[in-house]
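Reading through the structure tokens given below for one structure.
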Amino acid sequence: MPRLSEVIAALDNLWPAERAESWDAVGTVVGDPGQEVTRVLFAVDPVQEIVDEAVKLGADLLVTHHPLYLRGTTTVAASTFKGRVVHTLIKNDIALHVAHTNADTADPGVSDALAGALDLDVVRPLVPDPSDPEGRRGLGRVCELRHPLTVRELAARAAERLPATVQGIRVAGDPDATVRTVAVSGGSGDSLFDHVRAAGVDAFLTADLRHHPVSEARAHSPLALLDAAHWATEWPWCELGAAQLDEISDRNGWDLRVHVSKTVTDPWTAHAASAPTSSAMGAPN
């Protein structure tokens with residue numbers, strides 16, 4: 001059985017901490033380097049529900065995409081929800097390791113997993129990493145469809161193939177426009193509009209799109225925008241990461257049991273659709 005230090009070294013090789021953004025908080029948050037690891041759980045969020053799942057599973061290591069502490073803290077008291085997470089992990093000998101922006105830009109990374117879930121062919125990074133001479137790492141991906149779809153059909157594919165959330169997929173643009181090329185970025189992507197326009201794609205699928213950036217983007221070009229739930233766009237990376245660790249385990253004879261949490265940690269819990277109205281009616285008084 002491998003030690004935690006050996007497994008972390010393998011994960012650091014996949015997602016080196018030095019490739020994370022300067023503001024990010026990645027790496028091992030909790031864990032004894034000498035402890036043995038037999039079972040690993042991948043998830044998006046290091047929240048109590050996921051930690052409880054790791055306890056029930058008997059996991060020795062929890063790997064999440066989102067950091068537990070993105071900014072500094074002065075307490076890990078169990079009276080705080082993050083402190084309670086730390087206490088639960090330590091009491092149950094479960095390590096926590098985070099791969100965030102270093103997994104976003106990896107090859108393969110978060111957006112490759114998103115493209116794969118949507119059956120898109122990756123062409124290149126949307127925002128290339130200048131330190132990669134091969135031009136494969138970077139933020140987001142520019143992709144091609146194997147067969148053209150309408151915006152409506154692409155949104156339906158995303159709704160079908162990404163994990164279900166109450167939000168579903170929001171669309172800005174002509175639903176009947178033809179899509180041959182798509183940019184994708186797992187997680188919040190409305191800071192990337194300049195890069196998306198420069199890529200000349202027909203559509204952009206990401207998450208957390210806000211009113212003003214979308215309005216301005218639509219005024220610039222006929223680019224179609226598809227807005228999915230943040231959690232849903234990043235969850236496919238958990239399956240990718242688990243598969244990568246499985247391969248490493250087989251290569252090293254570790255016999256790790258690697259699992260992916262299917263617990264929905266998207267924070268939105270209900271959706272009420274607006275009543276259909278005609279554009280002539282305008283806004284209510």
Side-chain angles (χ1 to χ4, degrees), residues 21 44 65-66 100-101 103-130 135-237 240 266 268:
E21 295 290 339
V44 175
H65 182 52
H66 289 152
H100 191 212
T101 53
D104 286 334
T105 58
D107 172 35
V110 170
S111 292
D112 293 290
L114 175 57
L118 299 174
D119 201 23
L120 304 174
D121 292 329
V122 172
V123 177
R124 63 183 185 277
L126 178 62
V127 186
D129 180 348
R136 296 178 59 87
R137 293 197 308 269
L139 190 61
R141 295 294 184 267
V142 175
C143 308
E144 294 179 344
L145 285 159
R146 292 168 193 171
H147 305 284
L149 296 175
T150 64
V151 171
R152 190 192 315 275
E153 289 168 336
L154 179 59
R157 178 186 290 190
E160 176 187 358
R161 299 192 181 185
L162 294 180
T165 62
V166 297
Q167 173 184 317
I169 309 296
R170 299 190 300 174
V171 174
D174 179 1
D176 296 316
T178 300
V179 178
R180 294 180 175 84
T181 55
V182 187
V184 300
S185 182
S188 304
D190 63 16
S191 65
L192 301 175
F193 280 137
D194 286 345
H195 298 281
V196 173
R197 282 192 291 270
V201 294
D202 302 314
F204 179 36
L205 188 148
T206 186
D208 295 344
L209 292 180
R210 296 169 295 161
H211 175 92
H212 293 295
V214 168
S215 179
E216 292 174 7
R218 291 289 303 150
H220 274 95
S221 74
L223 174 71
L225 303 173
L226 290 84
D227 181 38
H230 189 120
W231 172 82
T233 63
E234 294 181 329
W235 184 85
W237 170 81
L240 171 64
D266 183 75
W268 302 105

Residues forming a salt bridge (Lys or Arg N to Asp or Glu O under 4.0 Å) with Arg136, sequence neighbours excluded = Asp107
Is any side-chain heavy atom of [X] less than 4.5 Å from a side-chain heavy atom of [Y]?
X: His195; Y: Leu126; result: yes
X: Val184; Y: Leu205; result: yes
X: Val179; Y: Leu145; result: yes
X: Val122; Y: Cys143; result: yes

Rounded to the nearest 0.5 Å, how far does [atom2] of [Y] lie from [atom1] of [X]?
X: His220; Y: Arg197; atom1: NE2; atom2: CZ; value: 4.5 Å
X: Leu226; Y: Arg157; atom1: CG; atom2: CZ; value: 12.0 Å
X: Asp174; Y: Arg152; atom1: CG; atom2: CZ; value: 8.5 Å

message = My understanding is that only residues two or more places apart in sequence, or in another chain, count here; which of them pass side-chain contact (heavy atoms from CB on, under 4.5 Å) with Ala224?
response =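 Ala224 satisfies side-chain contact (heavy atoms from CB on, under 4.5 Å) with Val151, Ala203 only.
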Between [X] and [Y], what is the shortest heavy-atom contact and its length?
X: Ala158; Y: Leu118; result: CA-CD2, 3.6 Å
X: Asp119; Y: Arg161; result: CB-NH1, 2.9 Å
X: Trp237; Y: Gly109; result: CD1-C, 4.2 Å
X: Ala155; Y: Ile169; result: O-CG1, 3.8 Å
X: Gly186; Y: Ser111; result: N-OG, 3.3 Å
X: Pro213; Y: Phe193; result: O-CE1, 3.5 Å

inquiry  = Counting only heavy atoms from other residues, nucleotides and ligands, does the tally under 6.0 Å from CZ of Arg210 exceed 12?
reply    =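 It does not: Arg210 CZ has 12 such atoms or fewer within range.
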Partner of Val127 by side chain to side chain contact (heavy atoms under 4.5 Å, CB included), out of Leu192, Asp194, Val142 = Leu192
If we ignore hydrogens and angles and just use 3.5 Å, is the side chain of [X] paired with the main-chain N or O of [Y] as donor and acceptor?
X: Arg218; Y: Leu223; result: yes
X: Thr181; Y: Asp202; result: yes
X: Thr101; Y: Asp104; result: no
X: Thr233; Y: Gly187; result: yes
X: Thr105; Y: Gly138; result: no
X: Asp227; Y: Leu209; result: yes
X: Thr206; Y: Ser185; result: yes

message = I'd like to know if the side chain of Glu234 pairs up with that of His230 as donor and acceptor (distance under 3.5 Å, no hydrogens or angles considered).
response =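 Distance-only check passes for Glu234 and His230.
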query = Looking just at side-chain N and O atoms, do Glu21 and His100 make a donor-acceptor pair shorter than 3.5 Å?
reply =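 No, no side-chain donor-acceptor contact under 3.5 Å.
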task = May I have the step-by-step check of side chain to side chain contact (heavy atoms under 4.5 Å, CB included) for Leu162 and Leu114, ending in yes or no?
result = CA-CA 8 Å; Leu162 294 180; Leu114 175 57; 3.7 Å; yes
key: Steps toward side chain to side chain contact (heavy atoms under 4.5 Å, CB included) verdict (Trp231, Thr165)   = CA-CA 9 Å; Trp231 172 82; Thr165 62; 3.8 Å; yes
inquiry  = Evaluate Arg180 against Glu144 for side chain to side chain contact (heavy atoms under 4.5 Å, CB included), listing each step before the verdict.
reply    = CA-CA 6 Å; Arg180 294 180 175 84; Glu144 294 179 344; over 6 Å; no
request  = Please lay out, stage by stage, how Asp121 and Arg146 fare under the test side chain to side chain contact (heavy atoms under 4.5 Å, CB included).
outcome  = CA-CA 7 Å; Asp121 292 329; Arg146 292 168 193 171; 2.9 Å; yes
